[in-house]
Amino acid sequence: MRKQIAIIAHGGAGGIAHPQRRLNGLKKAVQAGYDILRQGGSSLDAAERSVIVLEDTSVFNAGTGSYLNLAGEVEMDASIMTSDLKFGAVGAIRDVKNPVSIARMVMERTDHLLLCGENATRFARLMGAKYHDPRTGEKVLIWRRKKRRRESTHFTKFADFIGHYGTVGAVAIDQNGMISAATSSGGINLKLPGRVGDTPVIGAGTYADRNGGVSATGHGEEIMRQLLAYRVVALMARMRAMKAGRIAIAQATRADCQCGIIGISKNARILCLHNTRSMSWCYIKNGTMRHFSRRD
Ligand code: GLY
């Protein structure tokens, strides 16, 4: 029996600057993913395609338009997972256009789950990914402004950087009931070179199993401590998606973890919650699109 199809994407929980540009990017991303699902395609293709669109939309902190690290370079994290527990990820990868596609190549073409740093970039080149500088003038300006105020070489206080972290992600369920989740991020503005966040850590930024799939966004260090994506999916085994999300977000809030989550359960129930001031998101289910408003 054909299952219900659905897709949800987020553009991060670190503040909604340029809401119209975000909304346009998210609409385009979920529509591209939904078109794949409607034609009978896989949730893996749909989630990857949605994240590619978001990585290519420079308003988001992922792919082109990622925040710069303390040294003025872009180092990106990405992961992808399917509900049959296949997983692939890259951490601190440089100079590629679509880290999520490299994560998928790690999943499908290697025996490993996670490749990091210059060897992740080298792997991407071996797989045919061309050189691409993801820095944009807009993010270089933000980096310069912030850097002037912070000359130290150590990243000590996250509070200074509120609004300067972010992620994109997508979760989809296809007509065969397969669920896939994908997440991609430039990390935190002015992070230490080599810093890897929650995004490529299985169970932290991304998780999927037969009960559901989740992509998380927010402060990576705390999300890793919470194993946030796994926690939500594990709760989904026993309760409805929104209830699972509410419990996990309440636990995260008690632990001072600033975050947002999107997810889809095996019954195609949608989940979208955050404890930050705002989060941008968009989904399509039953052919109907819904999205964030400025109040989110
Ligand atoms: N959640 C994105 C990061 O902290 O790297």
Side-chain angles (χ1 to χ4, degrees), residues 1-11 22-57 60 62-64 78-90 96-109 127-129 167-185 199 205-215 217 229 233 241 262-272 280-292:
M1 199 175 73
R2 278 159 67 122
K3 304 257 186 182
Q4 197 169 21
I5 57 171
I7 184 160
I8 180 164
H10 70 79
R22 281 176 192 270
L23 183 56
N24 293 346
L26 281 162
K27 281 181 171 176
K28 197 172 154 195
V30 292
Q31 192 61 60
Y34 195 76
D35 288 347
I36 290 172
L37 296 173
R38 217 174 20 158
Q39 287 156 23
S42 71
S43 60
L44 179 61
D45 286 344
E48 182 194 8
R49 171 52 49 195
S50 287
V51 170
I52 286 173
V53 172
L54 297 170
E55 287 177 338
D56 291 345
T57 307
F60 300 110
T64 304
S79 64
I80 194 157
M81 185 161 186
T82 53
S83 48
D84 54 359
L85 304 185
K86 294 195 178 86
F87 180 86
V90 288
V96 296
K97 191 160 179 277
N98 295 113
V100 71
S101 298
I102 313 301
R104 182 170 174 177
M105 289 173 197
V106 172
M107 178 173 96
E108 291 181 334
R109 302 198 202 172
M127 293 292 116
T167 312
V168 303
V171 184
I173 183 165
D174 61 34
Q175 63 177 23
N176 297 316
M178 180 72 84
I179 300 164
S180 299
T183 313
S184 181
S185 180
T199 298
T206 304
Y207 197 75
D209 69 15
R210 63 195 167 84
N211 298 304
V214 165
S215 168
T217 173
V233 173
I262 57 166
I264 298 181
S265 71
K266 63 179 178 211
N267 302 319
R269 291 213 164 86
I270 300 275
L271 152 73
C272 180
S280 54
W281 54 270
C282 184
Y283 71 79
I284 305 180
K285 184 178 165 182
N286 297 330
T288 303
M289 180 184 280
R290 293 194 198 290
H291 54 75
F292 74 98

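Quick note: residue numbers are just sequence positions, from 1.
Side-chain atoms of T183 and T167 form no donor-acceptor pair, as typed in the model, at a separation below 3.5 Å. Residues D84 and T82 bring a donor and an acceptor atom of their side chains to less than 3.5 Å of each other. D35 and Q39 are not linked by any side-chain donor-acceptor pair at a separation below 3.5 angstrom, with hydrogens and angles left out of the test.
Tested against V168 for a side chain to side chain contact (heavy atoms under 4.5 Å, CB included), the candidates L54, I52, L26 yield a single pass: L54.
A donor-acceptor pair is defined here as one N or O able to donate and one able to accept, closer than 3.5 Å; no such pair exists between the side chain of N98 and the backbone of V100. Looking at R104, its side chain never comes within 3.5 Å of a backbone N or O of E48 through a donor-acceptor pair. The main-chain N or O of V53 is never found under 3.5 Å from a side-chain atom of K28 such that the two would form a donor-acceptor pair. In terms of modelled atom types and a separation under 3.5 Å, the side chain of Y34 and the main chain of G287 share a donor-acceptor contact. Proximity of a side-chain donor or acceptor of N176 to a complementary backbone N or O of M178 within less than 3.5 Å is not detected. Panel note: side chain D174, backbone S43; a donor-acceptor pair is recorded below 3.5 Å. The closest donor-acceptor contact from the side chain of E55 to the backbone of S184 lies at 3.5 Å or more, if one exists at all. A donor-acceptor distance shorter than 3.5 angstrom exists from the side chain of S79 to the backbone of T199, with no hydrogens or angles considered.
In this structure, H10 and S215 have side chains that are in contact, with non-hydrogen atoms separated by less than 4.5 Å. Contact annotation: the side chain of M107 approaches that of L44 to within less than 4.5 Å [non-hydrogen atoms, C-beta and beyond]. Using a 4.5 Å heavy-atom threshold, the side chains of Y207 and L85 count as touching. When side chains are defined from C-beta on, K3 does not count as touching K266, because their heavy atoms never get closer than 4.5 Å.
Rounding to the nearest 0.5 Å gives a distance of 8.0 Å between CG of L37 and OG of S42. If you take NE2 on H291 and CG on N24, they are separated by 10.0 Å, rounding to the nearest 0.5 Å. The CG atom of D56 sits 5.5 Å away from the OG1 atom of T64 when rounded to the nearest 0.5 Å. For the atom pair I270 CD1 and W281 CH2, the distance stands at 9.5 Å (nearest 0.5 Å). Within the model, atoms CD1 of I8 and CD1 of I262 stand 5.0 Å from one another, a figure rounded to the nearest 0.5 Å.
In this structure, N211 and V233 approach most closely via the heavy-atom pair CB-O, 4.0 Å. Residue I36 comes nearest to D45 through the heavy atom pair CD1-O, 3.7 Å, listed as atom of the first residue, atom of the second, then distance. Heavy atoms only, all atoms of each residue included: C282 and K27 are closest at SG-CA, 4.1 Å. Looking at every heavy atom in both residues, S50 comes nearest to A29 through OG-O, 2.8 Å. Minimum interatomic distance between G33 and A46 (heavy atoms only, all atoms of both residues): O-CB, 3.4 Å. Here the closest heavy-atom approach between residue Q4 and residue N267 is recorded as OE1-O, 4.1 Å.
For R49, the CZ atom is loosely surrounded, since the number of other residues' heavy atoms within 6.0 Å does not exceed 12.
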> Given I80 and T206, is the side chain to side chain contact (heavy atoms under 4.5 Å, CB included) satisfied, shown in steps?
Replying inline: CA-CA 7 Å; I80 194 157; T206 304; over 6 Å; no

